[in-house]
Each structure stands twice: as C-alpha cells, then as structure tokens.
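Nothing fancy with the numbering, it's 1 onward along the sequence. Side chains are part of it too, since the values below use all heavy atoms of this structure and drop only hydrogens, waters and symmetry mates. Since this is a predicted model, take the numbers as computed values, not measurements.
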Amino acid sequence: MQIYGPAQVHGAQTINAPHANRLTQTAGAGRSSGISDELQLSPQSQIASQLADIPAIRADRVASIRAALANGTYETPDKLSGALNGLLDEIG
C-alpha cells in the first residue's frame with residue numbers, strides 16, 4: 001500500500017513549480033472550498049466506549065460476598081432495610 005500526502009517529496013523543480021501556482025490561485029480566490037472533516041461513530045463503538053468507563057470488577061469482593069451469601073450471613077436486617085429504602089426512594 002502506498003500513501004501519498006501533502007508532504008510528499010518531489011524531485012527538483014524550478015522556482016515557478018506547479019505547487020506555487022496552485023497556492024496563489026487558491027489564496028487569491030478568497031473563498032472556502034467547503035471541505036470539512038466528519039467522524040461518524042457506530043452504536044457499537046459508542047457502547048464499547050461506555051464499557052471502557054466501567055470500573056474493574058473486584059474479584060476478591062465478589063468472592064467474599066458469594067461466601068457470605070452461601071453461609072447465610074450476608075443478608076442482615078440492616079442491609080435489607082437499606083436496600084428497601086433505596087428502592088422506595090428510587091421509584092417514589
């Protein structure tokens with residue numbers, strides 16, 4: 001694959017090279033060519049961007065909560081009351 005950009009190196013040219021002529025014509029015209037850059041992101045890329053903002057899962061914390069649930073020590077009356085109050089505040 002070959003990529004040629006505006007900074008492509010040319011061979012030796014005279015002082016009145018074609019590039020100089022194009023620049024003076026464009027500068028003298030005084031009008032915009034209407035060319036602009038645009039970026040369109042797909043919905044999938046937007047979701048992927050949001051996933052990058054999610055904090056990392058703390059595996060040690062998940063393991064300790066799973067163990068507490070299995071032992072029956074995780075669900076205390078205080079935790080259930082706090083969860084219920086939070087739910088009621090959210091929907092009410």
Side-chain angles (χ1 to χ4, degrees):
M1 177 162 119
Q2 295 179 350
I3 300 173
Y4 299 102
Q8 179 181 358
V9 178
H10 297 282
Q13 298 179 1
T14 62
I15 294 176
N16 296 326
H19 300 290
N21 290 338
R22 274 192 253 139
L23 290 175
T24 54
Q25 289 173 358
T26 307
R31 44 186 180 154
S32 174
S33 63
I35 298 174
S36 65
D37 293 335
E38 183 178 325
L39 174 66
Q40 295 180 356
L41 299 176
S42 68
Q44 293 84 1
S45 67
Q46 293 172 357
I47 291 171
S49 175
Q50 291 172 353
L51 289 177
D53 296 335
I54 295 175
I57 296 174
R58 296 174 37 198
D60 57 333
R61 182 76 175 131
V62 171
S64 67
I65 291 174
R66 282 185 179 165
L69 285 170
N71 295 336
T73 58
Y74 184 77
E75 294 177 356
T76 63
D78 291 336
K79 288 183 182 177
L80 291 175
S81 175
L84 183 59
N85 287 337
L87 177 64
L88 292 174
D89 287 342
E90 189 175 320
I91 62 173

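More than 12 heavy atoms of other residues, nucleotides or ligands shown are found within 6.0 angstrom of CG on Leu41. Within 6.0 Å of the CG atom in Asp37, the count of heavy atoms belonging to other residues, nucleotides or ligands does not exceed 12.
Residues that satisfy the side-chain contact (heavy atoms from CB on, under 4.5 Å) test with Ala48, not counting sequence neighbours, are absent from this structure. For Gln46, the side-chain hydrogen bond (donor to acceptor under 3.5 Å, both in side chains) criterion is met by no residue, not counting sequence neighbours. The side-chain contact (heavy atoms from CB on, under 4.5 Å) test applied to Leu84 returns Leu88, not counting sequence neighbours. For the side-chain contact (heavy atoms from CB on, under 4.5 Å) test, residues two or more places apart in sequence or in another chain that qualify with Thr76 are Asp78, Lys79. Applying the side-chain contact (heavy atoms from CB on, under 4.5 Å) test to Ser36 and every residue at least two apart in sequence or in another chain returns nothing.
For the pair Ile54/Gln50, no side-chain contact is recorded, criterion being any heavy-atom separation below 4.5 Å from C-beta on.
For the side chain to side chain contact (heavy atoms under 4.5 Å, CB included) criterion with Ser45, the lone passing option out of Ser49, Ser42, Pro43 is Ser42.
Grouping Ile, Leu, Val, Met, Phe, Trp and Tyr residues whose side-chain heavy atoms lie under 4.5 Å apart, directly or via other members, leaves Leu80 alone, with no other cluster members.
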